[in-house]
K.L.:
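Questions regarding the structure given below will be posed in turn.
Within every chain, numbering begins at 1; the chains are lettered A, B, ... in the order of the sequence lines, protein sequences first and strands thereafter.
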Protein chains: 2
Amino acid sequence: MTKLKLIKDSKQDEDPLLKAAGKLFRQKGFASTTVREIAGAGGMLPGSLHYRYATKESLLLALMEQGITQAINAVRSAIAASRDPIERVRLALRAHLRLLIHEDDTIYVLLYEWRALSGEARETMVRLRDRYDALWDGLLYEAAGTGRLRTEIDLKLVRLSTLGAVNWVAQWYSPGGDLAPDEIADTFANNLLHGILAEDRKE
Amino acid sequence: MTKLKLIKDSKQDEDPLLKAAGKLFRQKGFASTTVREIAGAGGMLPGSLHYRYATKESLLLALMEQGITQAINAVRSAIAASRDPIERVRLALRAHLRLLIHEDDTIYVLLYEWRALSGEARETMVRLRDRYDALWDGLLYEAAGTGRLRTEIDLKLVRLSTLGAVNWVAQWYSPGGDLAPDEIADTFANNLLHGILAEDRKE
DNA sequence: GTCTATACTCTGATAGAC
DNA sequence: GTCTATCAGAGTATAGAC
C-alpha cells in the first residue's frame with residue numbers, strides 16, 4: 001500500500017513549481033534565474049516557494065533527479081520494443097534525443113547545470129548518472145556480444161561520443177527545422193554504426 | 001605599419017584580465033562569477049577593471065572573439081600538414097579538441113556561455129561562429145569530393161554530430177585519465193569514418 | 001500553504017582622488 | 001591606469017500574520 005503510493009508519487013511529478021523552474025533554468029541558466037521568477041511562473045510568491053523548497057539548489061536537485069529517472073524509464077521502455085541488440089541501441093538513442101528535444105526540460109537541466117551543484121548534491125547526482133551510463137554500457141556490451149562489432153573498439157568511448165553528439169543537439173536544434181528528432185537520431189546511429197566512408201563497405 | 005600593429009595585437013592577447021576571466025567563467029560559469037573575483041585574479045580592483053571593460057558582458061564577448069579566432073587559426077594551421085582530405089578532417093578534429101582540453105579556456109567559454117550573451121553581442125558571435133562552421137563544411141565537402149564518402153550522407157549532420165561529440169568531451173575529460181586528447185580525437189574520427197560494425201567492412 | 005514585509009548580503013557599475 | 005568609496009538595485013532567505 002505504502003509502496004504503491006511511493007511509486008505513484010514518483011511517477012506523476014506534476015509540480016507546477018518544478019515545471020516552471022525547469023523551463024527557466026533551461027532558458028536562462030540556473031544562476032541567472034531568480035526564485036522570484038520561479039515563484040511567479042508557478043503562481044506564487046517567494047515566501048511560499050521556500051515553504052516547499054528550502055533553497056534554490058534543492059529545486060535544481062529535485063529537477064535533476066526527476067530528469068535522470070525519466071531518462072532511464074524512457075530508454076528502458078524504448079528498448080523493450082526489440083530483441084536485436086543493434087536495433088536496441090538505435091531505439092535508445094531515439095528515446096534519449098526525444099526526451100532532450102521535446103517539451104521536457106529536466107534532461108537539459110540535468111546535462112547542462114552540473115556546475116551549479118555543490119558538494120553533496122553533486123555526489124548524489126553522480127551516483128544516479130552512473131546508473132544511466134551503466135544502462136548504456138549494457139546495451140553496447142550486448143551489441144558487442146553479437147560479434148557484429150569491430151573487436152578493437154572502446155565501448156566506453158563509443159558511449160561518450162554518441163551521447164555527446166546527441167546531447168549537443170540541444171545546442172543547435174530548432175523545432176521549426178527540417179529535421180525531426182528521430183531522423184537526427186537515426187542518422188547519428190547510422191553514421192556511427194556504418195561510418196561515412198564508402199570504401200570500407202562491402203558494397 | 002598600422003596594419004602590422006593590428007595583427008600583432010590581435011595575435012598575442014596576453015591580457016591577464018581576460019585570462020583570469022576565462023578561467024573563472026569556465027569553472028563557475030559567467031553568471032556565477034563576480035567582477036570582483038575577476039579583478040582580484042587579474043591583480044586589480046573592480047574600479048580598475050571597469051576602466052578597461054565597461055561591462056561584464058564586454059569581457060565575455062572579448063573572450064569569445066578571441067576563442068573563435070584561436071579555433072580558426074588552430075584548425076587552419078593543423079590541416080596544412082596534409083593534402084589528403086580525409087586526413088585533414090582527422091587533423092582538424094585533433095586541433096579542435098586539443099584547444100578545448102588544454103589550458104586555453106576561451107573555446108570552452110565560447111561553446112558553453114552562449115546563453116549569457118544578449119542581443120547584439122550574440123549576433124556578432126553568430127557571424128563569427130558561422131565562419132568556423134564554414135571552414136568545417138569546406139573540409140567535409142572536400143572529403144566528399146574524393147568520392148570516398150557514402151553519397152547519401154548529410155554533411156551538415158556529420159559536422160554537427162562530430163563537433164558535438166568532441167565539444168562534449170569537455171564535460172567528462174580529466175587530465176589525469178588514461179586517454180590523451182589526440183587518442184580521443186582519433187578514436188572519434190575512426191568510428192565516424194569506418195563505423196563500429198565489423199560486418200560492413202571489406203575485411 | 002500562501003501571503004506580507006523585510007533582513008541581510010552581494011551585485012555591477014560610477015565618481016573622483018591620486 | 002589604478003585606487004577608494006559608494007550607489008542603487010537585486011539576490012536568497014526568513015518571520016510571522018492570515
Side-chain angles (χ1 to χ4, degrees), chain A residues 5 8-9 12-64 109 113-122 124, chain B residues 5 8-9 12-66 105 109 113-122 124-125:
Chain A
K5 185 166 182 305
K8 187 162 168 270
D9 282 352
Q12 34 195 39
D13 273 320
E14 273 304 334
D15 187 346
L17 225 38
L18 272 188
K19 222 182 147 188
K23 190 173 174 184
L24 286 163
F25 289 168
R26 178 173 198 155
Q27 274 176 6
K28 328 180 26 168
F30 174 80
S32 300
T33 303
T34 71
V35 293
R36 283 183 233 272
E37 288 173 308
I38 301 170
M44 53 179 79
L45 291 169
S48 312
L49 183 148
H50 279 104
Y51 173 78
R52 311 191 54 199
Y53 297 92
T55 66
K56 189 183 164 189
E57 193 187 9
S58 72
L59 211 40
L60 175 62
L61 185 60
L63 212 44
M64 285 186 160
V109 173
E113 291 292 352
W114 279 90
R115 275 187 306 197
L117 287 181
S118 52
E120 203 171 352
R122 177 182 261 121
T124 303
Chain B
K5 187 165 182 305
K8 187 161 168 271
D9 281 354
Q12 33 195 39
D13 273 320
E14 273 303 335
D15 187 345
L17 226 40
L18 271 189
K19 223 182 148 187
K23 190 173 175 184
L24 287 162
F25 288 168
R26 178 172 197 157
Q27 273 175 7
K28 327 180 23 168
F30 174 79
S32 300
T33 304
T34 70
V35 293
R36 283 172 172 78
E37 289 173 306
I38 301 169
M44 53 180 80
L45 291 169
S48 312
L49 183 149
H50 279 103
Y51 172 78
R52 311 191 54 198
Y53 297 91
T55 65
K56 189 183 165 189
E57 193 188 10
S58 72
L59 210 40
L60 175 63
L61 185 58
L63 211 46
M64 285 186 160
E65 282 173 342
Q66 187 179 321
D105 299 313
V109 173
E113 290 294 351
W114 279 90
R115 276 185 307 196
L117 286 180
S118 52
E120 203 171 352
R122 177 183 259 120
T124 304
M125 283 314 303

K.L.:
Where each residue is assigned the nucleotide of DNA chain C containing its nearest heavy atom, which of A:Gly43 and B:Ala31 is assigned the position nearer the 5′ end?
P.N.:
A:Gly43

K.L.:
Whole Å only: how far is the CD1 atom of B:Ile38 from the C1' atom of C:dA13?
P.N.:
13 Å

K.L.:
Expressed as a whole number of angstroms, how long is the span from B:Glu57:CD to C:dA13:P?
P.N.:
9 Å

K.L.:
Indicate whether OP1 or OP2 belonging to C:dG1 is found under 4.0 Å from a side-chain N or O atom of A:Tyr51.
P.N.:
yes

K.L.:
Can you measure B:Phe25 atom CZ to C:dG12 atom C1' for me and round it to whole angstrom units?
P.N.:
12 Å

K.L.:
For a quick test of reading the model: is some side-chain N or O of B:Ser48 closer than 4.0 Å to OP1 or OP2 of D:dC3?
P.N.:
yes

K.L.:
To the nearest angstrom, how far is A:Leu60 atom CG from D:dT12 atom C1'?
P.N.:
15 Å

K.L.:
Does A:Ser32 or A:Ala54 map to a spot on DNA chain D nearer the 5' end, using the closest nucleotide for each?
P.N.:
A:Ser32

K.L.:
Taking N and O atoms by type only, does the side chain of B:Arg36 place a donor or acceptor under 3.5 Å from a partner on the base of C:dG12?
P.N.:
yes

K.L.:
Should B:Arg115 and A:Glu113 count as an ion pair when the cut-off is N to O under 4.0 Å?
P.N.:
yes

K.L.:
At under 4.0 Å, does any side-chain N or O of A:His50 touch on OP1 or OP2 of D:dT14?
P.N.:
no

K.L.:
Can you tell me how far CZ of B:Arg122 sits from CD of B:Glu57, rounded to the nearest 0.5 angstrom?
P.N.:
9.5 Å

K.L.:
Whole Å only: how far is the CG atom of B:Leu24 from the C1' atom of C:dG12?
P.N.:
16 Å

K.L.:
Check whether B:Thr33 reaches the backbone of B:Gly29 with its side chain - one donor and one acceptor, N or O, closer than 3.5 Å.
P.N.:
yes

K.L.:
Rounded to whole angstroms, how far apart are CG on A:Leu45 and C1' on C:dT6?
P.N.:
14 Å

K.L.:
Is there a side-chain contact between B:Leu117 and B:Phe30 (heavy atoms, below 4.5 Å)?
P.N.:
no

K.L.:
Whether B:Arg52 and B:Asp15 form a salt bridge (side-chain N of Lys/Arg under 4.0 Å from carboxylate O of Asp/Glu) is what I want to check.
P.N.:
yes

K.L.:
Taking atom C1' of C:dC10 as reference, at what distance in whole Å does atom NZ of A:Lys56 sit?
P.N.:
13 Å

K.L.:
Pick base, sugar-phosphate or nothing for A:Thr33, based on heavy-atom distances below 4.0 Å to the nucleic acid.
P.N.:
sugar-phosphate

K.L.:
When the distance from OH of B:Tyr53 to P of C:dT14 is rounded to whole Å, what number comes out?
P.N.:
17 Å

